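Below you'll find the structure, written out as structure tokens, and then a few comments.
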Amino acid sequence: MAQWKLLELIIFDNVVLTARNMNSGFREISPTGVKDILLKIVLPVPQAEQPHTETWLQNFDPSAVKLTVSLFCGSEKLCSKTNPLKLSSLRKTQAETTHRPETEFTYQFNESFAFDYLDPMAFLNVTDAKPYLLLKVECCRGGKEPLILGWQKIDAFQPKSEGFGMIWAPREFSTLVPLNPLEVPDCIVEHPFRLLQVTQWIHCSKSHTVSEFAERHSTIQLTVYDIVKEKGRLRNEQVKGERLTRLQEPPFLYAPWVPHNPSVVLPKPPRIHQPFDLYIDALHYIPDNATITKITGQFSNSESSHLYQIIAFPVLESSSRNPEFRCRVEISAGVSQRMNSNTWLLLQVHTVDADSGHLILLGSCMIHIFNAEEEVNVGGFQLKLRAGLSEDGPVPLTPSSLNCCPFIPCCTLLIRLLPHAQASLFVPVPTPDYLMGYYFTDGAKPNNSELKIISTFQKDNSYPKFVRDMAVQLINKEQSRVPLDQLEAWCVEKLDERRYLLPLHFPKCINIHHTVRYRLETGLRARIKQAFGLKADGYYVNVLARILKGAVSMQLPELPQCWGGEEKFLVQQLDFSSLQRSPRWTDPSVVLHPYLDDNSVLLVQIYGLDAIYTPDPSGQRPGKIVPRSGEALELNVQSQLGWSAFPLFDRNYVRTGIHSAPLFQGAPSAEFLQGIMSRPVKDVMAESLQKKRLKLLSTYGSVSVEMWDGHYFDDEHPELPVLNDLLMINKTRKFLATQTSKRGKDMSQLVLKTLDKKLRKLGRNSLEYWQQEHFYKQAMGNAFYDIVVSAKKKK
């Protein structure tokens, strides 16, 4: 009995202790941080007629702005941190508003504000209140009192149970909020976590009108995060990165590009009309669809277009990817006498196309021969090749003739211009080692995409090693027989354009979209661009896309990296300036890794969520989503707005382009999916329409998708061609007419109708709209994602 009494007493004491802990407040505040801060300050431009009232505006120093983040509990400040005055970026723009001109200052803070564990009970005068963050933006004014540009109170914490007590944990969210003007009020604890109305803002003095800030919507965007979780994520990423670094091969076997070494000593340059020598040294990184090469050239100026003809062939024992020419061309005094200060050199590279076997133009480049002092531009030069024909037309060629032509990725030509070697010596100057930095290379520096391509080229063991090997491969493809001692003569004949062309006809240009063949490990990039002609008024529209394997790759396993499977992706960034019937998306491209299979396709399915969005009363977080039908949100027959399919490959390459395809009603049938596994998708579409197994949208709707090789990043790929061949299965003009139609409501109406009438009149030109658009996207996007995940689990 005594033992039971003792146990009851212990239990009672624990309950009392726990109750006391609960009643006396939360034990501590968990480590909390603020990052991804983007501050926009909008100020009126000082008016000349009122200089005495706006002196502070005229003397405003954008570099003197500072941000202070403070952690409060009730009215007690527990800690505070201020950012350094040095800004990572600053942008000023001028704009006319309905009031008067304004200036917008944008600051992006790369640093974060971090607050460690805090125990509110360790501070005096701390009431049992919920903690919060206070942001204050100030402008320093020398020895004067700082000018308050704005402040905001952030609801950053939520209760969380831990052990026998409670703690305040960060809520982890991103938000965009306006800055409140005036000084921070003494009764800040009583201010709710909501947006203050413009009617509450008043003039603070005659010297400056802070309410004008409100009218111009100064804002701050930020992310509140859990420091403990963030450290864990970073630690995991670091471990993964270290593992990958150990597993991955070095990105380059040797330097892909070398800057010019300024210590290189160049010889004294010859003057105009004096003889000099041209050296054609090498090509670097010819594309996958190039084979054996030759170089032709000519000196030209405004007076004569054919001063001297040049032709050079590569050394058979040199690298086929980086062929060496070791060619020296003597420009005698007789030729140089006909040159003037405006003389340039045009060099063109020809090759046999790896796919067609035809002679094509790989690329061209130009260089001025003389400098402003009428001296030869002596030295070595690395010149990028440009695609496009550059033969004479009605207008004579000039060095600017190639400016409109795109660069051939990675492919460059190394040449030298040097004083003429003496006849008694007649010894060519040896080709310098590229890695020593002899050549002027600034204009040939590869971008990030080209570096990826070069890395692939360096490691490609399937490409013939030497020029000799490449020639033998071509001979075998032709099923010809050529003795090895006649290989050089065969190459010369094979590269003779007279064998292919009629008089006054010029070779075709290389297909710039086939310069890199598809590699599984690099993959392809796809981006859903826009849909047209949807019956989607009032719907939030999203797209689910996935790879469907062809018959050949269906037999191949999915790799450990998840490559070679039926990869899926969702679009998320809906452009609210587009039409509800023709929504546009701004998501970056997605990298996919399907097996190379002529019959693999990208299936695109468009869904609409018929739901009602209600903004959150606080104005600081996403609102609620309620199905209009009152039932659970799900992807059903009614939510399917259309679908289509796109072929992925063109032989050994990604089918690069901006593709448009018809949208069909319902969902793809098993018969259709079975048919495209072994036949071209265009043929199956046309046949199914003819046999009425497929039905187009009555609006002649379509969807556009961009695709290109995975080596290229979004902003570095060559210009994509427009490919409408899939629209040709029916009335192409009707599809194109729907694409150009501007009728219908904007997507922004989905957000505007959640605002009050006064704000609706402002359209998308109010801070409240932009904030609710951000929250609307977040809420609808999360809802759609949850539905897709839920549907996948059910399957």
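Bear in mind that the values here come from a model prediction, so they are computed numbers and not experimental data.
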Crowded around [X] [atom1]? As in, over 12 foreign heavy atoms under 6.0 Å?
X: K682; atom1: NZ; value: yes
X: K753; atom1: NZ; value: yes
X: E566; atom1: CD; value: yes

Whether the [X] and [Y] side chains hold a donor-acceptor pair (N or O, under 3.5 Å, no angle test) is what I'd like checked.
X: R584; Y: S578; answer: no
X: Y613; Y: Q772; answer: yes
X: S702; Y: Q739; answer: yes

Measure from the side-chain N and O atoms of [X] to the backbone N and O of [Y], and report whether any donor-acceptor pair falls under 3.5 Å.
X: R519; Y: R517; result: yes
X: Q152; Y: P178; result: yes
X: N782; Y: Q778; result: yes
X: D610; Y: Y539; result: no
X: S600; Y: G550; result: yes
X: S688; Y: M685; result: no

Cation-pi check, K35 onto Y225 ring (under 6.0 Å, within 45° of axis): yes
Within 45° cone of F713 ring axis and under 6.0 Å: K452 NZ or CZ: yes
Is any side-chain N of the basic residue among [X] and [Y] closer than 4.0 Å to the acidic one's carboxylate O?
X: R581; Y: D537; result: yes
X: D714; Y: R527; result: no
X: R764; Y: D746; result: no
X: K459; Y: E521; result: no

Taking all non-hydrogen atoms of both residues into account, name the closest pair between [X] and [Y] and its distance.
X: L663; Y: G642; value: CD2-C, 4.0 Å
X: S449; Y: Y712; value: OG-CA, 3.5 Å
X: L520; Y: G564; value: CD1-N, 4.4 Å
X: E567; Y: V591; value: OE2-O, 4.3 Å
X: N289; Y: T515; value: OD1-CA, 3.4 Å
X: T754; Y: V751; value: OG1-O, 2.5 Å

Between [X] and [Y], is any pair of side-chain heavy atoms under 4.5 Å apart?
X: L570; Y: Y607; answer: no
X: M707; Y: L648; answer: yes
X: N599; Y: M677; answer: no

Could you state the interatomic distance from [atom1] ([X]) to [atom2] ([Y]), rounded to the nearest 0.5 Å?
X: H513; Y: Y653; atom1: NE2; atom2: OH; value: 13.0 Å
X: R733; Y: L727; atom1: CZ; atom2: CG; value: 14.0 Å
X: Q530; Y: W585; atom1: CD; atom2: CH2; value: 8.0 Å
X: S553; Y: I547; atom1: OG; atom2: CD1; value: 9.5 Å
X: L39; Y: L179; atom1: CG; atom2: CG; value: 6.0 Å
X: S704; Y: I658; atom1: OG; atom2: CD1; value: 8.0 Å

Geometric class of the H717/W708 ring pair [parallel <30°, tilted 30-60°, perpendicular >60°]: tilted
Aromatic plane relationship, F576 with Y776 - under 30° parallel, 30 to 60° tilted, over 60° perpendicular: perpendicular
Y518/F649 aromatic ring centres below 6.0 Å: yes
